[in-house]
Amino acid sequence: MTAQSSLGAFWRDLPREGKWLLSTTAIQLLGRGLTLPFTIIYLHEIRGISLDLAGTLMAWIAVVGVLVTGPGGAATDRYGARAVSIFGTVCNMAGVMMLAFVDSVPLLFVAMSLIGIAGITWPAFNSLIAAIVEGPARQTYFGISFALVNLGIGLGGIISGAFVDVHRPSTFTTIYVLDALSMLIPIGLLLGPLRHVRTQVEAPPDDQNTGTSYWAIAKKPAVRWLLLVTFLGTFVGYGQMEAGFTAFAREVGEVSTRTIGWAFAANTAVIVLAQMLVLKRIAGHRRTRVLVVMSVIWACAWLLLGSAGVWPAGMYAAAVVIGYHAVFGFGETLLQPTIPAITNDMAPDHLRGRYNALSSGAFQAGAVAGPIVAGFLLRHQLNAPFIAMLVAGCALMAVLAVALEKLISPKVNGIPDDLSPAEAIAAPTPAETI
C-alpha cells in the first residue's frame, strides 16, 4: 500500500469531528508562525525592552505553562476538554492582542501571563483528539497533525519575514493582531462542529478506589518511565532548538543569521515532506523501538552540529548547521507520533486529562531546563562538553525507551491486537524498514 492510499484510507475512516480538526490545523497555526520568530525582536527593538528583560518575559510564558498544567488536567477530566480548550484559547487570544498594543512592562507581564495560561490547551486538545480518534489511527493523526503544525508555522514565518520591518512598527502590530484573530478558528470549531464531543467519563465501578491524584498516577512505573523519556526528549531536543542550537551555531560555528534561518526552513521542509512516509514505515512497530531509532538520529544530528566548531565561519560550518536541522527534523517525525500515542493509549478514559497534563508538564520542564543548561555551558565556552552532554542524553533516552518497553502492553506500544504473542515478539524494528 502506498503512502497516498494509506492517507486516503485514514481520511475515509476518520470521524467527521477529526476531519474538521485536522483540515484546519495548518491555518490555525499560520497566525502563530507569523509571530514566533519575531517576539524577542519585537519586545527589544519595537517596545524598547532590554534583551535580559525580554528574555525573562518570554521565559515567564513557560513558567506559567508549567504552573497551570496540573489544574488544567484535572479540569479537563471534570469539565471536559472542550471547555478547557475554549478557556485557554480565549486567554491566548487576549494575551496576543494585548501584546500588539501595550508597551509598559506591567501590561506586557499580564499579556505574557495570559499566553502562558493557554498552556492548558495542550493536554486538553490531546484529550479531545483521543476521544475522537481511537486505535492505531491515533498515531497517524498525531503524526499528520504535527506535519501540518509545522507547515502552518513555516508558512507564517515566511510571510511575516517578508512583511515585517523594524522601521515600520505597525507591521509588527499587524502580525500580532492576525495571530490573535486566527484563534477564532479553533473557538468556532469547539462551539460549532465539535460541540457534541464529550471527554468526561465516569470511573468504572471496579476502578472507583484507584488513586486519581497526580502523585498516584506518577507513581505507576510505566508512567514514571514515560515522563522521564518525555522530559529527556525535550531537554536534548526542543529545549535546545531556540537556545543551544542558535547560540552554538552563532558563537562556535560563526555562521550568519541567514544561515540559521535556512536551517529552520530545512527543518520544516523535512518534517512536512517526510512525515507521511515515516508514519507508513513505523505503523505496527513497537513505539519504544521507534524512540530508540530517533535517539540515534538525534545523537548524529548533535555530532554533526558539533563539527561546525572544527571548521567555523565557512561553507562547511554553514552546511552542517543546515544539515543538523534537517537530520533533527527527521528525528522529530519519529518522536511526535509516538509519545502522545503511548500516553493516550495508556491512560484510562476518566483520567486522560491528568495523563496528558503530566506529559505536558514533563515537556515544559525540559523546555525550561534545556536553555538554562545550554546557556551556562556555552557562556563558559564549554562547547565540547555541551555536545557530549546532548549525545549522552540521547543515549540515555534510548536506554529509558527500552526499559519502558518492558512496562507497557503490546497494544500501548503500537502492536496490533490481531497479532499473536509470537508474532508481536517477532515484529520487525523500525530500523529494519526506515
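All of these numbers come straight from a predicted model, not from anything done at the bench.
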Between Leu305 and Val320, is there a side-chain heavy-atom distance shorter than 4.5 Å? no
Where is the tightest heavy-atom contact between Pro337 and Gly143, given as atom of each residue plus distance? CG-CA, 3.8 Å
With no hydrogens and no angle check, is any side-chain donor or acceptor of Arg250 less than 3.5 Å from a backbone partner on Val255? yes
side-chain contact (heavy atoms from CB on, under 4.5 Å) filter on Tyr214, not counting sequence neighbours, yields Ala74, Arg354, Ala357, Leu358
Closest non-hydrogen atoms of Phe235 and Leu390, given as atom of the first, atom of the second and distance, are O-CD2, 4.4 Å
Tell me whether Thr25 contacts the main-chain N or O of Leu21 through its side chain, where contact means a donor paired with an acceptor under 3.5 Å. yes
Full working for side-chain contact (heavy atoms from CB on, under 4.5 Å) between Leu335 and Met397: CA-CA 12 Å; Leu335 176 70; Met397 187 177 179; 4.0 Å; yes
Test side chain to side chain donor-acceptor pair (under 3.5 Å) applied to Gln364 - qualifying residues, sequence neighbours left out: none
For the residue pair Asp77 and His350, establish whether any side-chain heavy-atom pair is separated by less than 4.5 Å. no
Under 4.5 Å between any side-chain heavy atoms of Ile27 and Thr24, yes or no? yes
Nearest 0.5 Å, please: how far is OG1 in Thr234 from CD in Gln240? 10.5 Å
Do Tyr355 and Ser127 have side chains that approach each other closer than 4.5 Å (heavy atoms only, starting at C-beta)? no
Run Ile159 and Leu30 through side-chain contact (heavy atoms from CB on, under 4.5 Å) and show every step you take. CA-CA 9 Å; Ile159 293 170; Leu30 189 67; 4.3 Å; yes
Within the side chain of Arg82, is there an N or O that forms a donor-acceptor pair under 3.5 Å with the backbone of Leu194? yes
Can you tell me how far apart CG (Leu22) and CD (Glu17) are? Round to the nearest 0.5 Å. 13.0 Å
Are the side chains of Thr230 and Thr343 in contact, using a 4.5 Å heavy-atom criterion? no
The test is side-chain contact (heavy atoms from CB on, under 4.5 Å); show your working for Val105 and Leu53 and say whether it passes. CA-CA 9 Å; Val105 172; Leu53 183 54; 3.7 Å; yes
Test item: Ile144 and Trp11 side chains (from C-beta on) under 4.5 Å apart, heavy atoms: no
Thr259 and Ser256: side-chain donor and acceptor closer than 3.5 Å? yes
Do other residues, nucleotides or ligands put more than 12 heavy atoms under 6.0 Å from the CG atom of Leu228? yes
Minimal non-hydrogen separation, Ala247 against Leu378, with atom names: CB-CD1, 3.7 Å
Considering residues at least two apart in sequence or located in another chain, which fulfil the side-chain contact (heavy atoms from CB on, under 4.5 Å) criterion with Pro385? Leu382
Closest heavy-atom pair and its distance - Val368, Ala62: CG2-CB, 3.7 Å
Smallest separation among heavy atoms of Leu99 and Ala111, with atom names: N-CB, 4.2 Å
Can you list everything that forms a side-chain contact (heavy atoms from CB on, under 4.5 Å) with Ile46? Sequence neighbours excluded, please. Tyr42, Val166, Pro169, Phe172
Note: Gly72 and Ile120 closest approach over all heavy atoms is CA-CG2, 4.0 Å
I'd like to check the salt bridge (charged side-chain N to carboxylate O under 4.0 Å, His left out) partners of Arg224; sequence neighbours left out, ordered by chain and number. none
So which pairs with a foot in residues 180-195 pass salt bridge (Lys or Arg N to Asp or Glu O under 4.0 Å), sequence neighbours left out? none
Pairwise side-chain contact, Leu29 with Leu148, heavy-atom cut-off 4.5 Å (strictly under): no
Please lay out, stage by stage, how Val102 and Val110 fare under the test side-chain contact (heavy atoms from CB on, under 4.5 Å). CA-CA 10 Å; Val102 302; Val110 173; over 6 Å; no
In this structure, CG of Leu232 is separated from CG of Leu400 (nearest 0.5 Å) by 6.0 Å
What residues, two or more places apart in sequence or in another chain, satisfy side chain to side chain donor-acceptor pair (under 3.5 Å) together with Glu405? Thr288, Arg289
Output for pair (Tyr324 OH, Trp302 CH2), nearest 0.5 Å, gives 3.0 Å
Review item, side-chain donor-acceptor pairs of residues 176-188, under 3.5 Å, at least two apart:
| unit_1 | atom_1 | unit_2 | atom_2 | d |
| --- | --- | --- | --- | --- |
| Tyr176 | OH | Thr39 | OG1 | 3.0 |
| Asp179 | OD1 | Arg32 | N | 3.3 |
| Asp179 | OD2 | Thr35 | OG1 | 2.9 |
| Ser182 | OG | Asp179 | O | 2.6 |

Once side-chain contact (heavy atoms from CB on, under 4.5 Å) is applied, do any residues pair with Thr56, and if so which ones, sequence neighbours excluded? none
dist Arg352:CZ -> Thr76:OG1 (nearest 0.5 Å) comes out at 11.5 Å
So, taking the atom named CG in Leu334 and the one named CH2 in Trp298, what distance separates them when rounded to the nearest 0.5 Å? 9.5 Å
Would you tabulate the side-chain donor-acceptor contacts of residues 262-276 under 3.5 Å, counting partners in other chains and residues two or more places apart, or write 'none'?
| unit_1 | atom_1 | unit_2 | atom_2 | d |
| --- | --- | --- | --- | --- |
| Asn267 | ND2 | His325 | O | 3.3 |
| Asn267 | ND2 | His325 | ND1 | 3.3 |
| Asn267 | ND2 | Glu332 | OE2 | 2.7 |
| Thr268 | OG1 | Phe264 | O | 3.3 |
| Gln275 | NE2 | Thr333 | O | 3.0 |

Arg287: what forms a salt bridge (charged side-chain N to carboxylate O under 4.0 Å, His left out) with it, not counting sequence neighbours? Asp345
Got a sec, which pairs hit ring-ring contact (aromatic ring centres under 6.0 Å, His included) with one end in residues 113-165, sequence neighbours left out? Trp122-Phe363
Is there side-chain contact between Thr89 and Gln28, with heavy atoms separated by less than 4.5 Å? no
